[in-house]
Amino acid sequence: MTPTTRRQAEALDAKDPLRDLRDAFDLPADMIYLDGNSLGPPPRCALQRLENVAQREWKDGLIRSWNDARWIDLPKRCGAKIARLIGAAENDVIVCDTVSINIFKLAAALLARRQGALACEADEFPTDGYILQGLSRLAGTPLQHLPAGAPEDAFKSGAGLLVKSAVHYRTAAVADIAAWERAAAKTGAAIIWDLSHATGLIDLDLENAGARYAVGCGYKFLNGGPGAPAFVYAAEKEAAELLQPLCGWMGHAAPFDFANDYRPAAGVNRFACGTPPILSLSALDAALDIFDGVDMAAVENKARALGDLFLARASAFGLESPSPGPGERRGGHVALQLCEGYAVIQALIAQGVIGDFRAPDLMRFGFSPLYIRFADLWDAAEKLKTILDTEEWRNPAYGRKGKVT
Ligand SMILES: *Cc1c(COP(=O)(O)O)cnc(C)c1O
């Protein structure tokens, strides 16, 4: 039952099986943080780990820490922790580079082995399309911008390699991964899943859904910190046949042999390229421990219930949303459509409710189930209503745009 009073929202918090996880985060007082889908807040253990890595492993251990603190294995150790969250075998995930770079490496490796055009949906997250444009120019392979639609239609006009988000960054619509994989299999096409808004939020089961390739983000729902490295998943059998073009020494089978010729490391490990960013990786490694023993089905369910509450309040205020409606499967955020959205978000931020804005007209509110309470959403919605009622957003200070929105 979606709460219709603050009391009912508090009652949901009282029986929330995830409620104790909030204590693991260092959240500013008097703030409701609804942007964990863009940048997760710091887990306390990640802050401690950063201190330790800087003061002991780097300052005292110096170069010895590559072995003594096992820095060299961090990309694989983090990969194994992420594997559990996405339903992959622990050796099939490696943490490296950014989502953009990982899309390039995977797409280029796959393109070398198949026919057909590159493809992504027209309203896909921009970097995914940009990277495919660059690869299309480089490889002389056409790129299709598909209309959003059913999986059966996507591969009809010759798409051989599709990059697709599992949770859409604007609407939070969730793709049926198994259905898309079945449609792709009919024409021999491949799908690279972009799990940026899905990892750490949706109860993913890649192996059972037949997904073979994926990338995802470390700094959103995984709370790995600003610019945390991303990950690559490639199923073992497929990975063994892929040669990615950014074949740097860290993806070599034996980097410290300093051999002249490249020989790919086993499986997905060949997707590593250069020296791993140890400070960022250490923060991510610690942050991932928050998910230890956490039931991802419970996480997804709470995210949906939080979204249901916020949508119900927003609709009571007359706001429209392109996000999946109450009760439907949805990612960890809700978008509300409003021409004045940018200024409204700025007014909300000034009152301690942090969301973000996606041009041209979407206000986006993210609900990480690890630390957001139902009562928080009740309060955030009340502030939103007040700002709309009083038209406080008209204050010219709220119209000024920063470089990052
Ligand atoms: C956040 C996000 C990215 C980020 O890409 P980076 O290269 O890591 O900056 C990519 N794709 C999607 C769908 C995202 O949500």
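Each ligand, and each atom within it, is numbered from 1 in the order the structure gives.
- A donor-acceptor distance shorter than 3.5 angstrom exists from the side chain of Lys383 to the backbone of Gln351, with no hydrogens or angles considered.
- Under the 3.5 Å distance criterion, with hydrogens and angles disregarded, a donor-acceptor pair is assigned to the side chains of Thr4 and Gln8.
- Per-residue contacts place Lys220 under 4.0 angstrom from the following atoms of ligand 1 (heavy atoms of the residue considered): 1 (C), 2 (C), 3 (C), 14 (C), 15 (O).
- A donor atom on one side chain and an acceptor atom on the other are not found under 3.5 Å apart for Ser136 and Thr141.
- Summary of contacts: the protein heavy atom closest to atom 9 (O) of ligand 1 is Tyr219 OH, 3.3 Å.
- For the residue pair Gln337/Ser321, the side-chain donor-acceptor check at 3.5 Å is not satisfied.
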Test Trp71 against Glu57 for side chain to side chain donor-acceptor pair (under 3.5 Å), laying out the working first.
-> CA-CA 9 Å; Trp71 284 353; Glu57 297 178 7; 2.7 Å; yes
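- Atom 5 (O) of ligand 1 has Val99 CB, 3.3 Å as its closest protein atom, hydrogens excluded (heavy atom only).
- Set against the non-hydrogen atoms of Asp194, the atoms of ligand 1 under 4.0 Å away are 10 (C), 11 (N), 12 (C), 13 (C).
- When non-hydrogen atoms are compared, ligand 1 lies under 4.0 Å from the side chain of Asp128 (C-beta onward) but not from its backbone.
- The contact set between ligand 1 and His197, taken as ligand atoms under 4.0 Å from a residue heavy atom, comprises 15 (O).
- With hydrogens and angles left out, the side-chain atoms of Ser38 and Arg364 include a donor and acceptor closer than 3.5 Å.
- Geometrically, ligand 1 and Glu124 share no nitrogen or oxygen pair separated by less than 3.5 Å.
- Close approach of ligand 1 to Ser165 is summarised as follows: ligand atoms under 4.0 Å from at least one heavy atom of the residue are 13 (C).
- Note: Phe357 and Tyr342 have perpendicular aromatic rings, judged against thresholds of 30 and 60 degrees for the angle between ring planes.
- Among protein heavy atoms, atom 7 (O) of ligand 1 sits closest to Ser100 OG, 2.5 Å.
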